[in-house]
Structures are given as structure tokens and as C-alpha cells.
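Accompanying notes for the structure given below.
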Amino acid sequence: MSNNTEKKSLHFIQSIIEEDLHNNKNDSRVHTRFPPEPNGYLHIGHAKSICLNFGLAQQYNGLCNLRFDDTNPTKEDVEYVDSIQEDIKWLGFDWEDRKFFASDYFEKLYEFALILIKKGKAYICEMSAEEISARRGTPTQPGKESPWRNRPVEENLDLFKRMRNGEFEEGKYVLRAKIGMTSPNMHMRDPAVYRIKKVDHHRTGSDWCIYPMYDWAHGLSDYIEGITHSICTLEFEIHRPLYDWFLDHVIDTKYRPRQIEFARLNLSYTIMSKRRLLKLVEEKYVDGWDDPRMPTISGFRRRGYTPESIRNFADKIGVAKRDNVIDVALLEHSIREDLNKKVKRVMAVLNPLKVIIENYPEAQTEELDAVNNPEDESMGTRKIPFSGTIFIERDDFMEDAPKKFFRLAPGREVRLRYAYFITCTNVIKDENGNITELRATYDPASKGGKSPDGRKVKGTLHWVCVNSVFQAEVRLYDRLFLKENPDEVEEGKDFMSNINPHSLDKVIAYLEPGLKDVKAEEKFQFERLGYFCVDKSSTNEKMIFNRTVSLRDSWAKIEKKK
Ligand code: ATP
Ligand code: MG
């Protein structure tokens, strides 16, 4: 039936689907949907849901719709509608001609409400939102019935139509389902179905002044689209009886969408609520929704993540039934793993220290061969210029180096990658004692960085040749929150107090000349430093690289020390 489940055991949603297929339920159709509300950019949690919904459809030869759940006009915007589509496509999924909007169904949803009213299963209530809530009771105490609960059907129909016609002010009436006030499930206590909202909608304009509640719109939209498996996150489990109640009272076919809940993705060091992400954007803690520190899909993209790395991550973490927190290091591992084999390794120095090689013939330069990716020979080699003056990383030199420091120190020999062995002979300082320059000698017999006589050097350094380098801005990004759980705060503070003040550090780096004409989104490994990606705003005049991820997890070390 499926082509890639042989080896892996099925997760619980796959098991449900296979059982439904086995029983020929819904004529063995599999039809899922991804239903974002266009009130923010998509984040990595949504990516999980996209991979799941589109992935299941692919796996079982089914279909997956994109449906904008746009029933709350006050917070929604076309900017979000556009970004959501771009992000799903970038992730590698295709809804083909099945892009829908819950707002397309407003008329149909209204008619369904008329059915409910005619069956005596809904009534127009005149209590205010506060009164309704005050009379709802608690899970252990029944609520009180609304005095309007037994309004005659005709009157309900009339008032509902007039609500639609805009005759009443906001809050004057609500349409409520007539279910009962005693269910231990509070969502079942005569829940609201329609409310008056005199606001324009980004798609239907001023056509409507009543808008359906989420529970009403959601399940019935699934029904309208012929969805078979309506996958959502755990917080909707408690809504499922209502979802089913609505369907049972307005639909007379055997076919029903089946709601299945799974645990939402939570990531350590990350917040994922759209409301909070919006706060970070609006209060300018970050540079927009696609700031490379944001856990949004567009943020990850700008940071240099690939769609494959996100899909692999979603696949690896699986589908859980209980809430849990996934270590963000797993996501970082996933991008390292993907880029390791894919991208060229080049040399860049972020914090330069000049080295003058005194026995290298003055005015000589040569072109040395460098391997583009030792993991993949087919990526070939390139020439890099070398001369008697180079930059190395300041961190790669130590004046009073301990024995275990395998980099450069006075009198010690190291390999310059793809170039030569050099030995540090002298340290030059300014009047304040700061090191300004090193002097060294090289061994001409060690060309290519190969030992001429079997003698070993422990350290291999990256470098760039001073004559041919060029400069670019490099943005060193780090995690946006300091705490594994950003909600762990001191009394009276909120998650904002856990923002990492050093989540972005900009430096001017020196790069090997071959990087001069790179394009936005191109990705590289800077040897020994990490993976970097050309920012979307980068130009030939002002090149900007973003650090996607360092080569190793530097946070793991910090945590071990604690
Ligand atoms: P948020 O809480 O971030 O505002 P939401 O659930 O309100 O998210 P929607 O636009 O309604 O956002 O979500 C669209 C779909 O994505 C829903 O089916 C929802 O269940 C799913 N989804 C949202 N967040 C996550 C998450 N963290 N992990 C998995 N799926 C998620
Ligand atoms: Mg939602």
C-alpha cells in the first residue's frame, strides 16, 4: 500500500489510516488538509503539521488541501495568506488546485446553521458574553440554562436572518447550539455558533456582519471538502465531541471526517505562539517575521536551513500522542547533516590576525589547489591564492599556550590548510601590548599542506591571503532565548526577560576571493567555523552572510558545565 513504511513501524495516525483503508471506509479515500489561520507567519510547528498532512496524502495516494481558516477577520491579513503559500511551496509541498478558504463557505455554513435552528437545535440568546460565561458553571457544577433557550423556531430563524442583515449591534445576539448545560465538557454547554462582528473581512469585504465560531466552521469545512482524516493538535481533543455533534445534527450522509489529535511540536529555547512572535516583530526585537532568529519557516530559510533539513527533522521526531519538548539541538543537527555533504567548504577569517611569512619570496603569489568538499569528490577543486602575508583567526594564536593548544604559538608549527607548514618566529605588539602581527617561516617542501618528511603537526588552520581577500559582513546568530523553557521566569516577568542579548553579533570578515559573486541563499561551510548562507539583502557592494549553525553544538558544553 505504502512505499516507505516497510522498515519503519507505523505511527498511530498511519495505523488509523491503514485500518480505515482496510475497512474500505470512505471508499478508501485519504484526504487531509492543512488549515492555517492567516494571522501570522508559519513556524516550525506548522512545518511539522504540513509535513504530516501532505506527507500522509503522498504516502497513501491521497490528496491534501490547503485551507485558510479565515473566520476571524480582526486579526487576519493578506500578507499572511501570501507568506503561508510561499512557505508551504518552499518546504516542497503542493496543494495543486485545492487552495480553499473557510470564508468561501460562509454561505454554506450559514445554511447549515439554518438547518440546526429548524431542527430546534439552536437558539438566539440575548445574554452578553459575560453573562453567558458567568452561567456556564464549572466542570464539576452544571451551568444554568439561558432564559432564551426555548425561543420558538420561527423567532430564532427571523432573528438570525436579521442578524445577518446587520440590523443589530455587536454583542446584542448570539446563535447558540442547544445541547445542554450539564456536560462535564464545558465546550458542550450550549456553545456559541455565530456572533455579530461588524468588521470587514480581507476576502469577503463587508458582505458579512456575522461570523461563525471556529468549532462550527472547522468541522463543517472539513465535511464540505470531503476530508477523511482531520488531523489537529491535542488541545482540540476536547472539542471533538462538539465537532461530531455538529456534523451529526446537520449532515445526513454516512461520510464523516474523522478528527485525530497529535501532540504539537514544542522546541527548547523557542517560543511558538503566533501572538508572541508578533510581539517580537512589533516591538522590534527582531527584524521582521523572517529574521533569521525567528522560528518561522521564512526565518529558517533566511538563516540558511534547507527544506530537506526541516522535512527530515519532522520525520525524525515522529508523531506523538503526549505533549513533549524536542531539543532544538536536534533541528540544528539536521541542518548540519544536510549541508555537510551538499555545500562547498571555503575559507573565511572572522577575526583576523596578520601573519608575515619572512622566508616566502617577496612579491610572489601562487595558486594552490583546494578541495571543495572532501565528502564528495564530484564537487571538484578550486584554486586559492597564497602569498607571504596572510590572515589567520586571532583565536588560533596564543602567546603562552598550554601544551594541549594545538594551534599556533611561538616556536610551534602548524599546517595552513591546502598551503604549507608554518612556524611562528616572532610576536609583534603595539605600545599597549596588544598583538598586532605575527612573523613566521614556512617550509617550502610542505606544499599542499603535506608533510615533507613524515613529521607531524597537530593543528590545521584556515587562512586567507591578504592580497586577494575581500570583506563581507557576517552575522553571527545565536539562540533567541537563554532558557531551555523561555517561560521559566522570575515573578512578575514574562518570556521577554529571557531574550538572549547576544543573539546577533555582526563582524566584518575576510573571505577568499572566489566568494565574490555569490547569490542570495547560496550556502557554504566556512572551514572550522560553521555553515553560512548569503542573506537575501546581500549585494555585490555590500555582501552579507548569515551563520546558519556552528559546526558543533556550543550550548551542549555550556549546559554540561552547569
Ligand atoms: P499558534 O498557537 O502558534 O498561534 P495555531 O494553532 O493557532 O498556532 P493555526 O494557524 O490554527 O495556528 O495552525 C494551523 C495548523 O497547524 C493547525 O492544524 C494546528 O494544529 C497546526 N499547528 C500549529 N502549531 C503547531 C505545533 N506547534 N505543532 C504541530 N502542529 C501545529
Ligand atoms: Mg489555531
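Note that these values count all heavy atoms, side chains included, but never hydrogens, waters or copies made by symmetry. In each ligand, atom 1 is the first atom listed, and ligand 1 is the first ligand listed.
- Residue-ligand proximity, Ser49 to ligand 1, at heavy-atom distances under 4.0 Å covers atoms 16 (O), 21 (C), 30 (N).
- Ligand 1 has an N or O atom lying under 3.5 Å from an N or O atom of Met272, backbone or side chain.
- At a heavy-atom cutoff of 4.0 Å, ligand 1 is contacted by the side chain of Phe34 but not by its backbone.
- Backbone and side-chain nitrogen or oxygen atoms of Glu235 are examined, and none is located within less than 3.5 angstrom of a nitrogen or oxygen of ligand 1.
- An N or O contact shorter than 3.5 Å links Gly45 to ligand 1 by distance.
- For ligand 1, the atoms sitting less than 4.0 Å from at least one non-hydrogen atom of Pro35 are 14 (C), 18 (O), numbered in the order shown with element in parentheses.
- Counted by atom type alone, Gln259 and Tyr243 present zero donor-acceptor pairs between their side chains at under 3.5 Å.
- Checked by distance only, ligand 1 and Arg275 stay at 3.5 Å or farther apart across all their nitrogen or oxygen atoms.
- Two residues are said to be in side-chain contact when any heavy atoms from C-beta on lie closer than 4.5 Å; Phe34 and Phe93 fail this criterion.
- Expressed to the nearest 0.5 Å, how far NE2 of His22 lies from OG of Ser15 amounts to 13.0 Å.
- Scanning Arg264, Lys48, Glu261 for the heavy atom closest to atom 24 (N) of ligand 1 points to Arg264.
- For the residue pair Asn312/Ser334, the side-chain donor-acceptor check at 3.5 Å is not satisfied.
- Closest heavy-atom approach to atom 20 (O) of ligand 1 within the set Asn39, Thr233, Leu265: this belongs to Thr233.
- Atom CD of Glu169 sits in a sparse spot, with 12 or fewer heavy atoms from other residues, nucleotides or ligands closer than 6.0 Å.
- Residue pairs meeting the ring-ring contact (aromatic ring centres under 6.0 Å, His included) criterion with at least one member in residues 170-191, sequence neighbours excluded, are Phe168-Tyr173, His187-His239.
- A donor atom on one side chain and an acceptor atom on the other are not found under 3.5 Å apart for Thr228 and Arg258.
- Near Ser273, the atoms of ligand 1 lying under 4.0 angstrom from a non-hydrogen atom of the residue are 3 (O).
- No side-chain heavy atom of Glu225 sits less than 4.5 Å from a side-chain heavy atom of Arg98.
- Note: an N/O pair closer than 3.5 Å links His43 and ligand 1 by distance alone.
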